[in-house]
Amino acid sequence: MKQPKTASSWDAFIPIIVLVSLLGAAVYLYGDSSSSGPNQIALLFATFTAALIGLKNGFTWKTLEEAMIKGITISLGAILILLMVGALIGTWLLSGTVPTLIYYGLQIINPSWFYAASCLICGIVAMSIGSSWTTAATIGVALLGVANGLGLDPVVTAGAVISGAYFGDKLSPLSETTNLAPAVAGSDLFDHIQHMLWTTVPSFVIALIIFIVMGFNADVASDAGKIDAISAILQNNFNINIFMLVPLAILLGLAIKKMPAFPAISIGAVVGAVWALLYQGDLIASQLDDSQGQLVGQFKLIWATFFDGFSVQTGDAKMDDLLSGGGMSSMLTTTWLIMTALMFGAIMEKTGLLEVFVRSILKIAKSTGSLIASTIATCFGTNLVAADQYIAIVVPGRMFKEEYKKRGLQSVNLSRTLEDGGTITSPLIPWNTCGAYMQSVLLINPLDYAVYAFFNLINPLLAIIYGYLGVKVLRLKPKEQE
């Protein structure tokens, strides 16, 4: 059997040019709705282009097809979580859990420090449970509701939520990416976390300061009367009390106990449904189709909440939008986007087109600073092309591992850089699995909130500065180089 030819630089650039051109056209023609189909078509055409180049270079269609199937398989765990998060949002809206979080948030959070508080709260929760996704889908959704109530910018709030969620996720020993990066680079988990503190904590502090300044200078349109009106709508439509937060407490407890995300979120969704039946009887009665009997009607309503979300009519259109949503069906467009993105990434990796970029980068990365900058750029580029943060950690990690060792650099430098470039930038890209997920739960385009995700923007830049200045770049001892 003939060996496939090594891809050329032009081979590698052609699918990227096709992808960037089509994605740009999708945004120009369809605007914010580009992720609802146009981006997926762009990814499919780019995948087809990369496959044609693979066939030209001697790969068989069967090999390419197996690579695409394997690429989609990587995403199945994330897709299961994504679908169950949709169900959880639906049942937590019906149970009053999210409305209660919004209600208490309006009572206790001052608009002047709301952005910073949102960032800090999400950071603490994500560090506790090790999941930026769960944090955004629960605390993040509620904070966006509070922002609307306070008359604050929901896009800035989304940036604060993303900043906090990824700060906490990055430093949590419970996080999958925090375990993956040292495993790929060959470093110890806790050495890795300790080494990350040098770039992560200063970046987070700078982000908090920016959010504090923005909060004090925000043009707050709300007043006590508006907050009272929103609180009244919440109380009139939902049973609001501290017990409505039990589903959240259970979910956070399961996550802290290291239960895997899918069963933990599934239990959270089921508890939300039970809580709705126990505490939201009046709300359920107002939505009930009791033509087949009350019990059957309740069962149908709860069932529909899992797959199609929850909808409420409060008499206020903005509050209706805020308090309605969720359901597995709301995640299907995102699932489609993730599958097409990973098909493209799998073809690019299998045909060696990704490796072409790394070979080109290593030719110009002469200094330690340029090597670290190149690693971060490669991680970001892989997030753009392969559309998944796990691939953006694993592929550059495999490719740069020997180069770091050859240059006498400890493996924690690589593992930290993989997170600074791979984990952190993933939610800023609309077609990346993380960006697509965040858009599906926060309902804000990553291209909009990316400008305000200050932690995610500052962290990679600070890591590059450290690399060029030689700050906390650890060298191998002579014995370790043998």
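By the neighbour-count criterion of 12 heavy atoms within 6.0 Å, atom CE of Met127 is densely surrounded, having more than that number from other residues, nucleotides or ligands. Under a cut-off of 6.0 angstrom, the local environment of CG in Leu295 is sparse, with at most 12 non-hydrogen atoms contributed by other residues, nucleotides or ligands. Within 6.0 Å of CG in Asp282 there are 12 or fewer heavy atoms belonging to other residues, nucleotides or ligands.
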Show which side-chain atoms of residues 248-255 pair as donor or acceptor with protein atoms under 3.5 Å away, not counting sequence neighbours.
none

With a cut-off of 3.5 Å and sequence neighbours excluded, list every side-chain donor-acceptor pair involving residues 377-386.
residue: Thr378; atom: OG1; partner: Ser374; partner atom: O; Å: 2.7
residue: Thr382; atom: OG1; partner: Thr378; partner atom: O; Å: 2.7
residue: Asn383; atom: OD1; partner: Asn432; partner atom: ND2; Å: 2.9
residue: Asn383; atom: ND2; partner: Gly422; partner atom: O; Å: 2.7
residue: Asn383; atom: ND2; partner: Thr425; partner atom: OG1; Å: 3.0

Just list the side-chain donor-acceptor pairs under 3.5 Å for residues 301-311, sequence neighbours left out, or say none.
residue: Thr305; atom: OG1; partner: Leu301; partner atom: O; Å: 2.8
residue: Asp308; atom: OD1; partner: Ser329; partner atom: OG; Å: 3.0
residue: Ser311; atom: OG; partner: Gln313; partner atom: NE2; Å: 3.4

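Looking at Leu94 and Ile284, their side chains come closer than 4.5 Å, going by heavy atoms from C-beta outward. Val451 places none of its side-chain heavy atoms less than 4.5 Å from the side chain of Leu457. The shortest side-chain heavy-atom distance between Met319 and Val312 does not fall under the 4.5 Å cut-off.
Not a single donor-acceptor pair under 3.5 Å links the side chain of Asn459 to the backbone N or O of Phe455. Side-chain atoms of Ser426 come within 3.5 Å of backbone atoms of Thr423 as a donor-acceptor pair (strictly under, hydrogens ignored). Without hydrogens or angle criteria, Ser172 side chain to Asp169 main chain gives no donor-acceptor distance under 3.5 Å. Between the side chain of Gln40 and the backbone N or O of Thr333, at least one donor-acceptor pair lies under 3.5 Å. Ser132 places no side-chain N or O within 3.5 Å of a backbone atom of Tyr166 that could act as its donor or acceptor partner. Between the side chain of Trp133 and the backbone N or O of Cys434 there is no donor-acceptor pair closer than 3.5 Å. Thr91 places a side-chain N or O within donor-acceptor distance of the main-chain N or O of Ala269, the cut-off being under 3.5 Å.
The structure places CG of Leu43 at 9.0 Å from CG of Leu22, a figure rounded to the nearest 0.5 Å.
Listed by first and then second residue, the salt bridge (charged side-chain N to carboxylate O under 4.0 Å, His left out) pairs involving residues 35-50 amount to none (not counting sequence neighbours).
Taking Lys62 as the reference, Thr60, Glu66 meet the side chain to side chain contact (heavy atoms under 4.5 Å, CB included) condition, with sequence neighbours excluded. With sequence neighbours left out, the ring pair (Phe, Tyr, Trp, His ring centres under 6.0 Å) criterion links Tyr452 to no other residue. By the ring pair (Phe, Tyr, Trp, His ring centres under 6.0 Å) test, Tyr279 pairs with Trp275, sequence neighbours left out. Among residues two or more places apart in sequence or in another chain, the side chain to side chain contact (heavy atoms under 4.5 Å, CB included) test is passed with Pro446 by Pro430, Gln439, Tyr449. For Tyr437, there are no side-chain hydrogen bond (donor to acceptor under 3.5 Å, both in side chains) partners, not counting sequence neighbours. Shown here are the salt bridge (charged side-chain N to carboxylate O under 4.0 Å, His left out) partners of Asp420, two or more places apart in sequence or in another chain: Lys170. Remark: Thr314 pairs with Asp320 by the side-chain hydrogen bond (donor to acceptor under 3.5 Å, both in side chains) rule, at least two apart or across chains. In this structure Lys300 satisfies the salt bridge (charged side-chain N to carboxylate O under 4.0 Å, His left out) test together with Asp289, sequence neighbours excluded.
Here the options are Thr200, Leu197, Thr199, the test is side-chain contact (heavy atoms from CB on, under 4.5 Å), and the partner is Arg416; only Thr199 passes.
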*asked:* Between Phe211 and Phe454, is the ring pair (Phe, Tyr, Trp, His ring centres under 6.0 Å) condition met? List the steps.
replied: CA-CA 9 Å; Phe211 284 126; Phe454 297 118; 5.1 Å; yes
